[in-house]
Amino acid sequence: QVQPVESGGGLVQPGGSLSLSCAPSGRLSSISTMGWHRQAPGKEREFVARITPSGRTEYGDAVKGRFTISRDSATDTVFLQMNNLKPEDTAVYYCNIRPIQMAVGYWGQGTQVTVPS
């Protein structure tokens, strides 16, 4: 049983930076892909970034060049460094952790990121 827990959300001015982190509430017993999605009010949930066990990273088009995903394998923690934030980045950011043997991963409760216009 894996329960991702996000932290680091908040309010930041346009052009500013913010860092998010996510770790399972228990120890991870399997190699996992870890990543982030976000959902703004009235919009569909959107892929943000993921990192595979081999370290391969992928980013959604809206955040390429501005966000960086990384992980600390020793603590099973995934990070999202967000730079040059824009009002359209305002959303609830959800962490997901997917063991490689599973088709569907585990979702956290989300953390709010607000960038005023």
Side-chain angles (χ1 to χ4, degrees):
Q1 185 76 1
V2 177
Q3 298 295 327
V5 180
E6 304 99 333
S7 63
L11 188 150
V12 61
Q13 296 299 311
S17 298
L18 198 65
S19 295
L20 307 180
S21 64
C22 171
S25 59
R27 298 298 279 264
L28 211 54
S29 61
S30 177
I31 298 173
S32 300
T33 293
M34 308 180 77
W36 298 88
H37 286 65
R38 67 187 184 185
Q39 189 165 23
K43 299 180 66 177
E44 300 293 327
R45 186 167 294 192
E46 175 188 23
F47 167 73
V48 175
R50 68 169 61 91
I51 184 166
T52 70
S54 67
R56 174 68 178 267
T57 58
E58 301 177 48
Y59 297 93
D61 289 341
V63 306
K64 287 179 180 177
R66 299 188 297 120
F67 291 11
T68 302
I69 190 170
S70 61
R71 67 190 296 165
D72 182 349
S73 297
T75 59
D76 295 321
T77 303
V78 62
F79 305 92
L80 186 68
Q81 176 66 45
M82 304 182 292
N83 297 324
N84 191 24
L85 283 161
K86 305 175 180 180
E88 49 262 45
D89 296 318
T90 295
V92 177
Y93 285 70
Y94 296 93
C95 175
N96 68 290
I97 300 174
R98 183 176 61 80
I100 58 174
Q101 73 272 23
M102 297 176 62
V104 180
Y106 303 95
W107 291 93
Q109 293 85 1
T111 186
Q112 176 71 45
V113 173
T114 301
V115 185
S117 59

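- Ring centroid separation for the pair His37 and Phe47 comes in under the 6.0 Å cut-off.
- Using modelled atom types, one side-chain atom of Glu6 and one backbone atom of Gly110 make a donor-acceptor pair closer than 3.5 Å.
- Contact of the Tyr106 side chain with the Asn96 side chain is not registered, since no non-hydrogen atoms from C-beta on lie closer than 4.5 Å.
- Checking Thr75, Val5, Asp76 one by one against Pro24, the side chain to side chain contact (heavy atoms under 4.5 Å, CB included) holds for a single residue, Asp76.
- Residues Leu85 and Phe67 are in side-chain contact: their nearest non-hydrogen atoms beyond the backbone lie under 4.5 Å apart.
- Note that CZ of Phe79 is 13.0 Å distant from OG1 of Thr68, once rounded to the nearest 0.5 Å.
- The main-chain N or O of Val115 is found under 3.5 Å from a side-chain atom of Thr90 such that the two form a donor-acceptor pair.
- Residue Met102 comes nearest to Arg98 through the heavy atom pair O-NH1, 3.2 Å, listed as atom of the first residue, atom of the second, then distance.
- Contact annotation: the side chain of Trp36 approaches that of Val78 to within less than 4.5 Å [non-hydrogen atoms, C-beta and beyond].
- If you take CG on Asp72 and CE on Met34, they are separated by 10.0 Å, rounding to the nearest 0.5 Å.
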Under the criterion side chain to side chain donor-acceptor pair (under 3.5 Å), I'd like the reasoning laid out for Ser21 against Thr77: C-alpha separation, chi angles, the key distance, then a yes or no. CA-CA 7 Å; Ser21 64; Thr77 303; over 6 Å; no
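- In this structure, Gln81 CD and Ser19 OG are separated by 3.0 Å, a value rounded to the nearest 0.5 Å.
- In this structure, the separation between CD1 on Ile97 and SG on Cys22 is 4.5 Å, given to the nearest 0.5 Å.
- In this structure, Ile51 and Arg56 have side chains that are not in contact, with every pair of non-hydrogen atoms separated by 4.5 Å or more.
- Each of Met82 and Val92 belongs to its own hydrophobic cluster when Ile, Leu, Val, Met, Phe, Trp and Tyr are linked at side-chain heavy-atom distances under 4.5 angstrom.
- A side-chain donor-acceptor contact under 3.5 Å links Tyr59 to the backbone of Ile69.
- A side-chain donor-acceptor contact under 3.5 Å links Thr111 to the backbone of Gly9.
- Using cut-offs of 30° and 60° on the angle between ring planes, the pair Tyr94 and Trp107 is perpendicular.
- Annotation for Arg71 and Ser32: closest pair NH1-O, 2.9 Å, computed over non-hydrogen atoms.
- In plain terms, the two heavy atoms of Pro4 and Cys95 that are nearest each other are CB-SG, 4.1 Å.
- In this structure, the separation between CZ on Arg38 and CG on Leu20 is 11.0 Å, given to the nearest 0.5 Å.
- Put simply, the side chain of Gln39 never gets that close to the backbone of Glu44: no donor and acceptor are under 3.5 Å apart.
- By the 4.0 Å N-to-carboxylate-O rule, Asp89 lies close enough to Arg66 to be salt-bridged with it.
- Within the 4.5 Å cutoff, side-chain heavy atoms of Pro53 are placed close to those of Thr33.
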